[in-house]
Amino acid sequence: MKINHTSLDLIAADITTLDVDAIVNAANNSLLGGGGVDGAIHRAAGPQLLVECRTLHGCETGEAKITQGYRLKARHVIHTVGPIYSGRPHDAELLSLAILNSLRLAEEHHLKSIAFPAISTGVYGYPLPEAAQVILSTIIDYLNSQTGIERVLVCLYDQRALDVFQNQLAAFNAC
Ligand code: AR6
């Protein structure tokens, strides 16, 4: 779909294969690697990514930091840390902040295209439908304001997650 001059698309893919200005990493506070999408990004980018991450001295939950993409097709990696799901309202605030700070960082670096995974919905346990609502509403609100970003992708890992996000986007469109 188009929001102002920006396209927003949902895809099912391995985020490490995408040719965009930045892919977003669902990292942990240490920024020193882990499992899930974090592990896949570090494996695909190669060891130089960890070398640069060591210079960043970690990342608070909801913050975002940027590195080069090294062996990835993506030119940059924006590392953010989503909340560990607790069922409290603060979860949504932190997940929204992680998305927002990633978009702001992309904008500051004049990046035109960015791809997000479903942050916090793996190891961190955020239920997919609730995460879809927070992630998509934050992106849509941001794109409704002035932005130089031209393309936003939300990259789901499997068809089930894609279905959940598509249903949420359809529900927003019906409003
Ligand atoms: N491409 C796209 N999406 C992926 C990929 C991939 N290659 N691999 C997994 N996903 P998770 P979190 C999806 O656990 O919940 C790490 O150890 C996956 O299906 O990667 O934020 C970090 O170091 C899920 O929907 O991130 C942290 O310690 C989504 O990505 C912790 O996990 C997020 O799952 C962060 O947990």
Side-chain angles (χ1 to χ4, degrees), residues 8-47 49-54 56-67 69-88 90-103 105-106 113-139 151-169:
L8 169 61
D9 293 297
L10 310 181
I11 57 166
D14 175 351
I15 201 165
T16 64
T17 64
L18 299 182
D19 185 0
V20 286
D21 290 334
I23 58 172
V24 176
N25 183 14
N28 57 55
N29 297 121
S30 77
L31 293 188
L32 299 181
V37 72
D38 193 6
I41 289 173
H42 276 272
R43 275 193 300 280
L49 179 59
L50 183 57
V51 172
E52 186 175 357
C53 281
R54 285 191 200 284
L56 299 177
H57 306 295
C59 185
E60 295 293 322
T61 304
E63 282 187 352
K65 297 196 175 178
I66 191 166
T67 64
Y70 300 99
R71 292 184 197 150
L72 291 164
K73 272 196 197 139
R75 271 67 75 195
H76 300 274
V77 180
I78 292 177
H79 306 261
T80 192
V81 183
I84 298 172
Y85 186 72
S86 69
R88 290 193 281 266
H90 198 42
D91 297 337
E93 287 167 29
L94 288 173
L95 182 56
S96 183
L97 204 55
I99 301 286
L100 202 55
N101 282 328
S102 299
L103 288 164
L105 197 53
S113 54
I114 180 170
F116 286 91
I119 296 165
S120 285
T121 65
V123 175
Y124 282 180
Y126 216 117
L128 264 178
E130 291 176 32
Q133 200 275 333
V134 174
I135 291 171
L136 292 173
S137 64
T138 305
I139 293 171
R151 186 162 190 237
V152 178
L153 294 170
V154 181
C155 178
L156 291 322
Y157 205 32
D158 55 34
Q159 188 61 43
R160 181 180 144 258
L162 182 62
D163 289 345
V164 170
F165 273 67
Q166 277 172 338
N167 287 340
Q168 183 60 62
L169 199 56

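Both counts, for ligands and for their atoms, begin at 1 and track the order of listing.
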Practice item. Mark yes or no for whether N28, through its side chain, and G33, through its backbone, hold a donor-acceptor pair below 3.5 Å. Key: yes
Exercise for review: Any atoms of ligand 1 less than 4.0 Å from a non-hydrogen atom of A26? List them with their elements.
Suggested key: 21 (O), 22 (C), 26 (O), 35 (C)
**Study point:** G125 near ligand 1 by a heavy-atom separation under 4.0 Å
**Key:** no
Check your understanding: With atoms numbered from 1 as shown, which atoms in ligand 1 lie under 4.0 angstrom from a non-hydrogen atom of G35?
Key -> 16 (C), 17 (O)
Point to revise | Within-cut-off N or O pair, I15 and ligand 1, under 3.5 Å | key: yes
Review point. For the residue pair R71 and P47, what are the closest heavy atoms and their distance?
Key: NH2-CD, 3.9 Å
Exercise for review: With heavy atoms of A13 as the reference, note each atom of ligand 1 found under 4.0 Å away.
Suggested key: 1 (N), 2 (C)
Practice item. Over all heavy atoms of both residues, which pair between V81 and A98 is shortest? Give the atoms and the distance, please. Key: O-CB, 3.9 Å
**Study point:** Under 3.5 Å: N/O of A27 near N/O of ligand 1
**Key:** no
Practice item. Kindly give the heavy-atom pair with the smallest separation between A44 and T16, and that separation in Å. Key: CB-CB, 3.8 Å
Exercise for review: Return the set of residues passing ring-ring contact (aromatic ring centres under 6.0 Å, His included) with F165 (not counting sequence neighbours), or none when no residue passes.
Suggested key: none
Check your understanding: Are N101 and T80 side-chain neighbours, meaning at least one heavy-atom pair lies under 4.5 Å?
Key -> no
**Study point:** Non-hydrogen atom of G82 closer than 4.0 Å to ligand 1
**Key:** no
Practice item. Specify the protein heavy atom at minimum distance from atom 31 (C) of ligand 1: its residue, its atom name, and the distance to 0.1 Å. Key: Y124 CE2, 3.6 Å
Practice item. Compare every heavy atom of L32 with every heavy atom of R54, then report the nearest pair and how far apart it is. Key: CG-CD2, 3.9 Å
Exercise for review: Going by heavy-atom distance to atom 28 (O) of ligand 1, choose the closest among N28, V37, L18.
Suggested key: N28
Study note, to complete from the structure: Atoms of ligand 1 under 4.0 Å from any heavy atom of D38, numbered from 1 in the order shown, are 22 (C), 23 (O)
Point to revise | Nearest non-hydrogen protein atom, atom 29 (C) of ligand 1 | key: A118 O, 3.3 Å
Review point. Are the side chain of D163 and the backbone of R160 linked by a donor-acceptor contact shorter than 3.5 Å?
Key: no
Revision key, fill the gap. Tightest non-hydrogen contact, residues N25 and V77, listed as CB-CG1, 3.8 Å
Review point. Would you say Y126's side chain and A92's backbone share a donor-acceptor pair under 3.5 angstrom?
Key: yes
Revision key, fill the gap. If you scan protein heavy atoms around atom 24 (C) of ligand 1, the nearest is T121 OG1, 3.3 Å
Revision key, fill the gap. Correct closest heavy-atom pair for T67 and H79 would be OG1-NE2, 2.9 Å
Review point. Is there a nitrogen or oxygen of V123 sitting under 3.5 Å from a nitrogen or oxygen of ligand 1?
Key: yes
Practice item. For ligand 1, find out whether one of its N or O atoms is nearer than 3.5 Å to an N or O atom of T16. Key: no
Exercise for review: May I ask you to identify the nearest protein heavy atom to atom 13 (C) of ligand 1, giving residue, atom name and distance to one decimal place in Å?
Suggested key: Y157 CB, 4.0 Å
**Study point:** Option nearest atom 21 (O) of ligand 1 (shortest heavy-atom distance, choices S120, C155, G34, A12)
**Key:** S120
Revision key, fill the gap. One finds that the ligand 1 atoms under 4.0 Å from a non-hydrogen atom of D14 are 1 (N), 6 (C), 7 (N)
Check your understanding: Can you tell which part of A161 has a heavy atom less than 4.0 Å from ligand 1: side chain, backbone, both or neither?
Key -> neither
Practice item. Provide, to 0.1 Å, the distance between atom 15 (O) of ligand 1 and the closest protein heavy atom, together with that atom's residue and name. Key: G122 N, 2.8 Å
Review point. How would you list all residue pairs meeting salt bridge (Lys or Arg N to Asp or Glu O under 4.0 Å) that involve residues 20-40, not counting sequence neighbours?
Key: D21-R75
